[in-house]
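Before any comments, here is the structure.
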Amino acid sequence: MNKRLHIEVRGCVQGVGFRPTVYRYAVEAGLAGFVLNALSGVVIEVEGAEKAAADFVQRLRAAPPPQARIDGFEVREIPVTGERGFRIARSRRSGDVKAGMPPDLATCEDCRREMFDPADRRYRYPFINCTNCGPRFTIIRSLPYDRARTSMADFPLCPECRAEYENPLDRRFDAQPNACPICGPRVVARTLPEGRELPGEAIDAAVARLRRGETVAVKGLGGFHLACLATDDAAVARLRRAKGRPHKAFAVMFASLEEVRRHCLVSAEEAALLESPARPIVILRRRRGSGLSPRVSPDSGDVGAFLPYTPLHWLLLEAVSPLIMTSANRSEEPIASDFAELRAAVSGQTAPTALDHNRAIVRRCDDSVLRWAAGGPLPIRRSRGYVPAPVRLPLDGPPVLACGAELKAVFCITRGADAFLSQHIGDLADWNAYRFYEHAVADLTGLLEVSPEAVACDLHPDYLSTRFARAAGIAPVIAVQHHHAHAAACLAENGQTGPALAVALDGTGYGPDGTIWGGEFLLAELRGFQRLARFSPVPLPGGDAAVRHPDRMALSWLAAVFGEKTALEAASSLLPSLDSKQIELLLRVRGIPSRSPLTSSAGRLFDAVSALLGLCSAITYEGQAAVRLQSAAERFGRRPDPWPVALVPGGDGLLEVSFASVLRAIAGGPARGARKAPDCEEAAARFHASVAGAVLAVCERFREMHGVNTVALTGGVFQNALLLEWTVEDLTRAGFTVLRHRQVPPNDAGIAYGQAAVALARLGEKT
Ligand code: ZN
Ligand code: ZN
Ligand code: FE
């Protein structure tokens, strides 16, 4: 007897080759019916023998297309209609695409094989793609996702490409960016800044220049990179000088996983991340004697490695590798996305040649960065390859625009229980980054077809994102304390609403008590929190400038621990970067509350320790002192016993975690070398162990008191894999359920997501 089934599949099921797969399975099973893209996903109706229909459902569930993510799968029986044949029906026009805004996907194996096959019509064609791979987010002008609304609209399909595009059984059926050498985009090598096209093979020209140590600008998926040979020390040094970036690590693109393994240690999990379709930069431990220039990452033993993700990258890297690939921009500005922007950002002296192409980048998008830490992926930057796929929230409500923090700015828009996080935008204090932010908010709101009914922002009144929120003309405005947002992000991405003990170890966050928070222990739920404990606060001498000068923070700690007089003497030997005049002035400023706000920041504590150990007195990028401290601790190679950390009652009834004895030990006791300071690497490791120990001690103190056994670890300091590993280890051994970040960064790029969760919780409470 024949049956007809109505099937609705929800999730990321559009733009990933879902309909062709359904078509193939249905035809092979001898079923009639149709498949179409609809409002919330894909709708299928199949009709035929009962067993064939059941087998079809089972097969589709078991083997959906590789890039699909299925969130819902509903099957119900409906009356048979006697339909014959199976077809892919025209999409329902309106709202059709709400389900389908896929992220950019790295070149798939099939396409790569074809590209290197001399017999293939796309042999060495740098824009080969199919329904399983290729650009998406970065080429979509508007929705529905259709070629005419992408930057591929400028390239009418040739007859052969059209045939593929229209054949449901072809791998390129409905592949919007489908192209070939006859009809598609092409690469050109140009001179910078003139833009004069170089004669001959463009890729060969770029390869020749890279081989002789030059920097070449390469147009990728989400913007231009500056590329140079990562094994050529002089070339890397030149690029560092040109970019004005003396120390911050450069990412390196390798020609294959085997090549990554020759330079770095790669676990099975890290290999899987490297080869995932998002192709993020994965931070790996570098092998000794790897042959990479030590200037690639001078501050640590790590290398940010990634694999080619566009056909153009494959062609380049096949000829010359490994290559540094760093975004082409001026310091904190957004990545250049066309030749005009490139020319404005990069001089001809830096990169005399650009490998350009004529497929426009509609939406710029930087590379994503993550590492494997404490048994899971730890995102550092969530951007290309992940955006705009939503992150789920544990609750839903009206659409909310969450404006995020200020550094590493990312905003977020909710639709139901889906949070759509923006790509990495950068430091909003930069004018161009701020313009990009404004533009991106309008862009994503439009793509999602939502009008936010509430706006969330940080409590910090001067964050540009806060000002943006207040000027957005949306009410209500929901202000969320910075570390509550961090905590909420960690809870929400783990599907929880709290209460939990949240440990927010962070750089800087606005505290409602007039101090700068950053070493916080909160009893947190999504809708609210209670501050239970903090790192004992010390003055941030002279305010923000001390963030760029860890030696000033170290001096402040010396004064806190030994008193001003002894600090003055100790500093002259321990902090050689400060002369006696500066020390005196800083100590005086330190005593003026209006110029030296108190801070409980864990990030500043790491800075102080790093400076006291002689690792970093002034930074050239955010987090540098902590990176060097972590690296020193890792060189020690094992986990030493911690120094004792005291839990003491603070003046306002909060518990305080005092690191005074730790700092005393690190400074080597009172001045004049009364006791020799411990070996730097051992001290760095003991410091990490002490922080982990302090976290455990505080959590144990509050576990009974509040009846909470779940701990959420969040804040920028938890990008530190060593600290995360030791903390998770301790808490787990003590029987805590530990929540850590896996989808959203623990740093300020995760703030918007946390704000959104808090806003929905508060909005839900009112009704
Ligand atoms: Zn492909
Ligand atoms: Zn073609
Ligand atoms: Fe933060």
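What you see is a predicted model, and the numbers here were worked out from it, not measured in a lab. Note that ligands are numbered from 1 as they come in the structure, with each ligand's atoms numbered from 1 the same way.
Taking the Fe ion (ligand 3) as the corner point, the angle from His482 atom NE2 to Asp506 atom OD2 is about 100° (rounded to 10 degrees).
Below the 2.8 Å limit, the Zn ion (ligand 2) has as protein N, O or S neighbours Cys158 SG, Cys161 SG, Cys180 SG, Cys183 SG. Around the Zn ion (ligand 1), the protein N, O or S atoms found under 2.8 Å comprise Cys108 SG, Cys111 SG, Cys130 SG, Cys133 SG.
No side-chain donor from either of Gln423 and Asp366 sits under 3.5 Å from a side-chain acceptor of the other. Donor-acceptor pairing under 3.5 Å is recorded for the side chains of Gln176 and Tyr165. In this model, a donor atom of one side chain and an acceptor atom of the other lie less than 3.5 Å apart for Asn720 and His688. Checking Tyr309 against Asp104 by side-chain atom types alone, no donor-acceptor pair falls below 3.5 Å. Checked by atom type, the side-chain pair Gln67/Asn132 shows no donor-acceptor distance below 3.5 Å. Side-chain contact check for His549 and Asp607: no donor-acceptor pair (N or O, by modelled atom type) lies under 3.5 Å.
Between Tyr510 and His482, the ring centre distance reaches or exceeds 6.0 Å. Residues His357 and Phe127 place their aromatic rings such that the two centres sit under 6.0 Å apart. Aromatic ring centroids of Phe687 and Phe606 lie under 6.0 Å apart.
At least one cation-pi condition fails for Arg534 and Trp517: the charged atom is not both under 6.0 angstrom from the six-membered ring centre and inside a 45 degree cone around its axis. Under the 6.0 Å distance and 45° angle rule, Arg363 counts as a cation-pi partner of Phe137.
Taking the Fe ion (ligand 3) as reference, Asp748 places its N/O/S atom OD1 nearest.
Distance check for His486 against the Fe ion (ligand 3): an N/O/S atom falls below 2.8 Å.
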